[in-house]
Amino acid sequence: MISKFKSCFIFLLLFLVSCSPNLKLVDPPSGRTLGSFQAKAKQAMVVTANKEATDIGVSVLRKGGSAVDAAIAVSFALSVLRPQSSGIGGGGFMLYFDKKKNKTVALDFREFAPFKASRTMYIKEGKADSKLAKDGALSVAVPRLVAGLGDTYDHYSDKKIPWPDLVKPSIDLARAGFSVYPHLAHSILERKDVLSRFNASKKLFLPNSKPLKEGDILVQSDLAGTLEKIAAKGWGGFYAGDVATAIVRSVQLAGGLITIDDLMAVEPIETEPLEQTYQGYIVVTMPPPSSGGVTLIETLNMLEEFPISRWGPYHPKTIHVMTEALRRSFIDRARYLGDPHFVKIPLKGLIAKNYAKTLAESIDIHRATPTESLSPKELTPKESESTTHFSIIDVQGNAVVSTQTINQYFGSGMVVEGTGIVLNDEMDDFSMVGSDANAIEPGKKPLSSMAPTLVFNKKGELVMALGSPGGPRIITAVLQTLLNRIDFEASPLDAVAAKRIHHQAFPDELQYEAGMLNAEVSQKLGAMGHALKELNPPWLVMLISKVRNNWVGVSDPRGTGTAKGF
Ligand code: GLU
């Protein structure tokens with residue numbers, strides 16, 4: 001009898017241990033189930049924010065293309081499909097894991113400040129005008145996406161698929177047009193004032209002075225023409241010849257600073273990724289000029305000091321230590337991070353375990369530490385709600401994760417006459433944190449939050465590939481997806497769909513998705529000194545995770561993307 005009771009008890013214990021916790025999941029958009037955001041496949045997987053881009057990536061892989069080839073084709077497709085989020089007028093970051101070499105490289109094609117830029121460029125009549133860094137010609141940093149994709153192809157593709165074939169599907173897409181979807185319609189409305197200021201932007205997105213609405217067809221013939229030049233000439237199709245001249249002319253006529261010298265500047269894109277362990281896994285992520293990787297690793301290091309998997313995802317102590325860890329790493333982000341070619345960053349120290357231990361010791365388990373008491377400096381927070389991320393695994397087991405952006409919706413709001421190129425407003429990211437490390441200098445890259453990330457297990461096998469848009473919230477989205485998978489043993493779908501919190505030190509508030517925290521937890525967190533605020537986040541995690549022998553792809557149900565594999 002006793003032994004029967006004992007075995008029942010052991011069974012129950014094993015069951016509880018192996019069960020993923022009851023995470024609170026977001027509702028899928030109407031007309032879709034949560035399951036429709038997930039795909040399972042043995043060999044290869046593509047996850048993006050738009051179905052057509054996912055399909056283009058999968059078709060490249062099916063033709064024998066590599067993850068790199070698919071990533072290039074997907075990037076061009078997203079340039080057409082998400083003119084509000086990313087594109088050839090912008091830039092981004094990528095991690096490429098080469099299975100055969102067992103090596104990951106970080107690829108940095110972040111835009112940089114024009115050589116004529118200066119710290120005082122946004123001061124007009126003695127006063128700083130922050131609008132100038134957000135809208136119009138002065139906000140444009142030098143676009144790097146095409147250079148990045150070209151270099152990536154030259155160095156990392158096995159060239160089984162010719163370059164023009166990777167651009168072709170996007171040329172067809174731009175020419176045939178596609179139906180305007182809710183997010184695009186909403187972004188046009190939100191940026192209609194700045195889009196109306198430029199003829200080419202107005203013609204495209206507000207024809208007859210009316211914003212395109214859901215269901216209208218967006219045809220981008222000029223963009224198709226530009227992509228044809230890129231297909232034929234690669235790098236030279238964008239940075240030299242007609243297209244380059246048109247960019248410089250449009251920007252300068254509208255009062256901007258970009259010159260042909262800026263466009264012709266050659267910048268190496270390969271850099272070393274950041275690497276650190278977390279709970280025995282190896283996390284590989286993006287180094288500066290993105291703050292995403294450093295801040296993510298610093299936070300994970302601190303959290304390793306607390307038994308959060310035992311406490312559970314919604315225990316007030318778990319939310320409290322997550323918040324306190326984020327507070328401390330975001331303060332360091334504001335203090336130290338910028339373009340490493342211009343500022344000395346104590347990088348090794350920031351991602352070191354012993355540094356995190358000291359920071360973790362400063363966390364009072366019962367009380368919130370006001371940001372003010374840790375950071376005497378007034379630092380300006382910045383929000384950004386655009387951007388896109390995709391994750392790809394190919395048949396050989398190579399992986400690409402890439403986050404690409406033009407910053408705000410439609411970047412600067414400027415479309416270059418005759419080219420269909422939407423120019424970024426990445427200069428605005430110099431105000432992301434108001435520190436000297438991230439101050440404008442000619443040729444300098446503005447700080448970013450983008451955090452394409454790969455995770456390997458103890459045996460060195462790739463187990464996760466992920467990233468997200470969402471400005472500083474990228475960091476909290478990637479963080480919580482990792483915690484959900486690793487500490488709380490959630491399924492890939494639950495790990496992405498689970499509601500999230502956000503804290504970035506400035507403002508000193510604990511943001512949470514509606515319905516995530518019950519009254520008791522909220523009350524306890526409030527009593528610890530946290531200022532709670534419900535938020536409506538722009539994050540869209542694209543995750544691929546290994547489950548037994550399958551790749552499981554999940555496109556965040558907060559959006560309308562898809563995962564597809566074979
Ligand atoms: N410009 C922002 C950055 O680089 C874009 C990120 C986002 O909007 O998600 O961090």
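Not measured: the values here are computed from a predicted model. The first residue of the sequence shown is numbered 1, and numbering continues consecutively from there. Indexing begins at 1, ligand by ligand and atom by atom, following the structure's order.
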Could you go through D151 and R144, starting from their C-alpha distance and side-chain angles, then the distance that decides it, and tell me whether this counts as salt bridge (charged side-chain N to carboxylate O under 4.0 Å, His left out)?
CA-CA 11 Å; D151 276 8; R144 295 290 300 162; 5.5 Å; no
In ligand 1, the atoms that come under 4.0 Å of a heavy atom of P469 are 9 (O)
Is the distance between the ring centroids of F330 and F506 under 6.0 Å?
no
Under 3.5 Å between any N/O of T405 and any N/O of ligand 1: does that happen in this structure?
no
E426 heavy atom under 4.0 Å from ligand 1
yes
Is it true that, when you exclude K124 itself, more than 12 heavy atoms of the residues, nucleotides or ligands shown sit nearer than 6.0 Å to its NZ?
yes
Y409 and H183 aromatic centres sub-6.0 Å
yes
Go through ligand 1 atom by atom and flag the ones less than 4.0 Å from a non-hydrogen atom of G470.
7 (C), 9 (O)
Which atoms of ligand 1 have any heavy atom of M450 under 4.0 Å away?
4 (O)
Look only at interatomic distance and state if I474 has a nitrogen or oxygen under 3.5 Å from any nitrogen or oxygen of ligand 1.
no
Within 4.0 Å of some non-hydrogen atom of S449, the atoms of ligand 1 are 3 (C), 4 (O), 10 (O)
Pairs of donor and acceptor atoms involving the side chains of residues 266-274, under 3.5 Å and at least two apart or interchain, shall be tabulated with distances.
from, atom 1, to, atom 2, distance (Å)
E267, OE1, K445, NZ, 3.3
E270, OE1, Y156, OH, 2.2

What residues, two or more places apart in sequence or in another chain, satisfy ring-ring contact (aromatic ring centres under 6.0 Å, His included) together with Y153?
W163
For atom NZ of K24, decide whether the heavy atoms of other residues, nucleotides or ligands shown that lie under 6.0 angstrom number more than 12.
yes
A student checking ligand 1 against N407 at a 4.0 Å heavy-atom cut-off should list atoms 1 (N), 2 (C)
State if R110 counts as touching ligand 1 under the rule of any non-hydrogen atom under 4.0 Å.
yes
